[in-house]
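Chain letters run A, B, ... following the sequence lines, proteins first, then strands; residues in each count from 1. What's counted below: heavy atoms across the whole structure, side chains too, no hydrogens, waters or symmetry copies. These figures come from a predicted structure and were not determined experimentally.
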4 protein chains.
Amino acid sequence: MSQSVNRVILVGNLGRDPELAARREGDGKIANIAVATSESWNDRNTGERREKTQWHRVVCFNDHLSSVIERRCQKGTLVYVEGHLETRKWTDQQGQDRYTTEVIIDRFDGNIKVLGNGRNTGEGRFDDDRPSRSAAPRSAANTPGGSDLDDEIPF
Amino acid sequence: MSQSVNRVILVGNLGRDPELAARREGDGKIANIAVATSESWNDRNTGERREKTQWHRVVCFNDHLSSVIERRCQKGTLVYVEGHLETRKWTDQQGQDRYTTEVIIDRFDGNIKVLGNGRNTGEGRFDDDRPSRSAAPRSAANTPGGSDLDDEIPF
Amino acid sequence: MSQSVNRVILVGNLGRDPELAARREGDGKIANIAVATSESWNDRNTGERREKTQWHRVVCFNDHLSSVIERRCQKGTLVYVEGHLETRKWTDQQGQDRYTTEVIIDRFDGNIKVLGNGRNTGEGRFDDDRPSRSAAPRSAANTPGGSDLDDEIPF
Amino acid sequence: MSQSVNRVILVGNLGRDPELAARREGDGKIANIAVATSESWNDRNTGERREKTQWHRVVCFNDHLSSVIERRCQKGTLVYVEGHLETRKWTDQQGQDRYTTEVIIDRFDGNIKVLGNGRNTGEGRFDDDRPSRSAAPRSAANTPGGSDLDDEIPF
DNA sequence: TTTT
DNA sequence: TTTT
């Protein structure tokens with residue numbers, strides 16, 4: 001179990017179209033996206049509005065989800081991403097150790113969501129792309145004879 | 001410090017317009033919103049598409065933020081909410097104990113975000129509503145002479 | 001995809017031993033735990049230390065994980081829980097509609113972690129309980145010839 | 001508001017004692033900690049147990065919280081950290097651009113918690129260190145005449 | 001009921 | 001470097 005947690009949640013816009021990486025043998029497609037988050041504040045001294053953008057390297061190792069990213073996302077798309085941090089080591093041309101930190105999208109179901117923009121305007125549901133391999137959520141309220149909460153706001 | 005964590009993150013749509021509650025003395029405005037989240041899956045047995053909606057009572061005790069909710073949110077608005085769970089006890093008309101669980105929006109800055117729909121279409125930034133009381137984010141990259149990451153994707 | 005997110009993170013202590021519910025046909029064991037979170041603050045007016053505890057109904061529908069909860073958790077155990085909110089409707093003895101909100105533990109791997117106390121003191125790893133059905137994490141750094149970050153501190 | 005979210009949650013152990021950085025003028029103390037998270041799995045091919053550790057640079061820019069980290073944390077301490085990602089640019093000795101990604105602890109209250117080990121065994125509460133500047137949580141259940149949930153289990 |  |  002490892003007594004540890006490594007969790008990242010991002011909501012932001014793609015800075016460019018997704019890059020579909022070369023397929024590694026047996027592993028399927030890999031998608032790389034650049035996600036921007038920004039915060040703004042009023043400068044204490046000048047009173048001016050300031051803004052700061054962070055760019056995040058987000059990587060998807062799942063073949064099917066990468067295809068969906070390819071189809072549904074483009075420069076400007078607003079996405080929700082849930083993943084974990086990984087820092088990988090590489091060697092630059094001068095032979096020096098370099099480290100790059102990425103957000104790895106964790107699991108298939110629900111860890112990336114298209115929230116707006118891009119190609120997702122009214123063309124049907126994302127889930128339509130998925131084969132029926134997705135299991136039913138496991139909980140009481142999904143059982144037959146269960147809640148009719150779906151039909152009305154219960155409060 | 002209490003060695004505990006109580007954290008909720010929701011992205012969903014408002015099921016109705018916000019309700020601005022009566023002002024409690026000295027506490028400012030309170031906003032109540034009904035947020036829907038849903039998940040869908042293919043039924044194992046029938047193969048049919050099924051969907052399940054959850055409704056969340058979300059409460060904001062901050063006066064200023066409640067005003068913003070009032071202005072910026074309406075039925076259908078997609079919001080991001082970050083808060084914590086509270087269950088409060090009350091007594092019904094039969095004199096019985098009842099419990100209601102709500103998501104309390106945690107702090108002012110950034111714990112509710114309008115992601116789409118509603119009144120937020122191109123009318124300027126949410127932050128324009130805020131007085132300059134918001135402090136500058138505290139971190140290295142915000143210092144003078146700092147990063148020019150804002151101008152370009154660095155990867 | 002549903003354009004929505006419903007996510008709860010708790011770190012808190014069990015208020016009593018886990019309750020293993022009756023097995024529903026075909027669904028395996030269900031575990032119910034009561035998790036307390038608390039926050040404390042200094043009262044603005046009196047200056048006294050005040051504390052507030054929240055109790056959370058946490059439910060696990062996974063058979064194997066429920067067994068682990070049964071073995072590893074007891075009254076007082078500190079746990080990390082990651083799940084989502086569900087409110088289910090039921091009818092009380094007076095025939096009135098009632099609603100109960102629970103935190104449903106999301107998926108098997110890593111969504112409950114024993115952080116301390118209870119029976120988890122030095123009795124071996126939680127993972128030893130698991131059969132080898134757990135898949136390898138999918139990411140670059142796990143590939144053969146990959147990173148040797150594990151062996152040394154990169155900063 | 002910026003329509004974006006940048007959020008990191010870590011639970012892990014300190015790999016070394018905290019490093020208290022030089023004070024920047026007017027900004028107070030800065031604490032740097034190295035937090036390890038790890039995951040383990042059974043190798044698909046060999047069946048062997050494998051483990052992978054990630055190291056996270058975590059930075060605290062808050063003076064008071066940095067003092068607490070200094071006192072309460074040491075090599076081996078298990079901590080909960082909530083923050084956001086920042087990547088800062090710097091120039092190495094060869095004059096090349098380099099980027100380092102860090103987790104910045106977000107705000108004062110509750111964004112770092114000592115969960116175990118280290119110096120936190122029975123020496124009194126963390127909160128005792130804090131002056132009474134912490135405001136009361138704002139919510140219904142904290143009001144006078146409010147809930148007595150604290151005293152009894154509601155389920 | 002828990003815990004600090 | 002940590003921890004299980």
Side-chain angles (χ1 to χ4, degrees), chain A residues 1-6, chain B residues 1-6, chain C residues 10-19 32-41 49 51-58 72-80 110 113-130 149-155, chain D residues 10-19 32-41 49 51-58 72-80 110 113-130 149-155:
Chain A
M1 192 170 51
S2 84
Q3 214 192 52
S4 70
V5 176
N6 174 359
Chain B
M1 191 170 51
S2 83
Q3 213 192 52
S4 70
V5 175
N6 175 357
Chain C
L10 302 176
V11 175
N13 297 282
L14 269 65
R16 59 177 172 233
D17 290 345
E19 291 172 1
N32 286 272
I33 56 177
V35 175
T37 57
S38 61
E39 55 180 336
S40 54
W41 68 98
R49 193 83 204 156
E51 183 168 13
K52 181 161 165 38
T53 296
Q54 289 293 326
W55 288 101
H56 309 273
R57 295 172 180 269
V58 177
R72 300 281 318 283
C73 296
Q74 62 184 6
K75 186 175 176 176
T77 301
L78 182 69
V79 292
Y80 169 90
K113 291 170 192 289
V114 178
L115 298 179
N117 297 103
R119 293 178 191 146
N120 76 322
T121 33
E123 302 167 10
R125 292 186 313 190
F126 174 89
D127 287 329
D128 291 340
D129 300 323
R130 284 189 300 164
L149 277 181
D150 297 4
D151 306 322
E152 54 183 53
I153 176 175
F155 56 88
Chain D
L10 301 176
V11 175
N13 297 282
L14 270 65
R16 58 177 173 232
D17 289 346
E19 291 173 0
N32 287 272
I33 56 178
V35 175
T37 57
S38 60
E39 55 180 335
S40 54
W41 69 97
R49 193 84 204 154
E51 184 169 13
K52 181 161 164 39
T53 296
Q54 288 293 327
W55 288 100
H56 308 273
R57 296 171 179 270
V58 177
R72 300 281 318 283
C73 296
Q74 61 184 7
K75 185 175 176 176
T77 301
L78 182 69
V79 293
Y80 168 90
K113 291 171 192 289
V114 177
L115 298 179
N117 297 103
R119 292 177 191 147
N120 74 322
T121 33
E123 302 169 11
R125 291 187 313 190
F126 175 88
D127 287 329
D128 291 340
D129 301 322
R130 284 190 299 165
L149 276 181
D150 297 4
D151 306 322
E152 55 183 52
I153 176 174
F155 56 87

To the nearest Å, give me how far apart [atom1] ([X]) and [atom2] ([N]) are.
| X | N | atom1 | atom2 | result |
| --- | --- | --- | --- | --- |
| D:His56 | F:dT1 | NE2 | C1' | 13 Å |
| C:Leu115 | E:dT3 | CG | P | 15 Å |
| D:Glu19 | F:dT2 | CD | P | 15 Å |
| B:Asn6 | E:dT4 | CG | P | 18 Å |
| D:Lys113 | E:dT2 | NZ | P | 20 Å |
| C:Asn32 | E:dT1 | CG | C1' | 15 Å |
| C:Leu14 | E:dT4 | CG | C1' | 16 Å |
| D:Gln54 | F:dT3 | CD | P | 18 Å |

So do D:Thr77 and D:Arg72 actually touch side chain to side chain, heavy atoms under 4.5 Å?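 In short, these two side chains do not touch, never coming nearer than 4.5 Å.
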For the side chain of [X], starting at C-beta, report the closest nucleotide among [options].
| X | options | result |
| --- | --- | --- |
| A:Gln3 | F:dT2, E:dT1, F:dT3 | F:dT3 |
| D:Trp55 | E:dT3, F:dT2, E:dT1 | F:dT2 |
| D:Lys75 | F:dT3, E:dT1, F:dT1 | F:dT1 |
| C:Arg16 | E:dT1, E:dT4, F:dT2 | E:dT1 |
| C:Ala34 | E:dT2, F:dT3, E:dT1 | E:dT1 |

Go through the steps for D:Ser40 and D:Arg49 under the test side-chain hydrogen bond (donor to acceptor under 3.5 Å, both in side chains), then give the verdict. CA-CA 7 Å; D:Ser40 54; D:Arg49 193 84 204 154; 3.0 Å; yes
Would you say the base of F:dT2 and the side-chain of D:Thr53 have a donor-acceptor pair closer than 3.5 Å?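 Donor-acceptor pair under 3.5 Å: yes.
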Of the non-hydrogen atoms in [X] and [Y], which two are nearest, and what is the gap between them?
| X | Y | answer |
| --- | --- | --- |
| D:Gln74 | D:Leu14 | O-CB, 3.4 Å |
| D:His56 | A:Asn6 | CE1-ND2, 3.6 Å |
| D:Thr37 | D:Val11 | CG2-O, 3.6 Å |

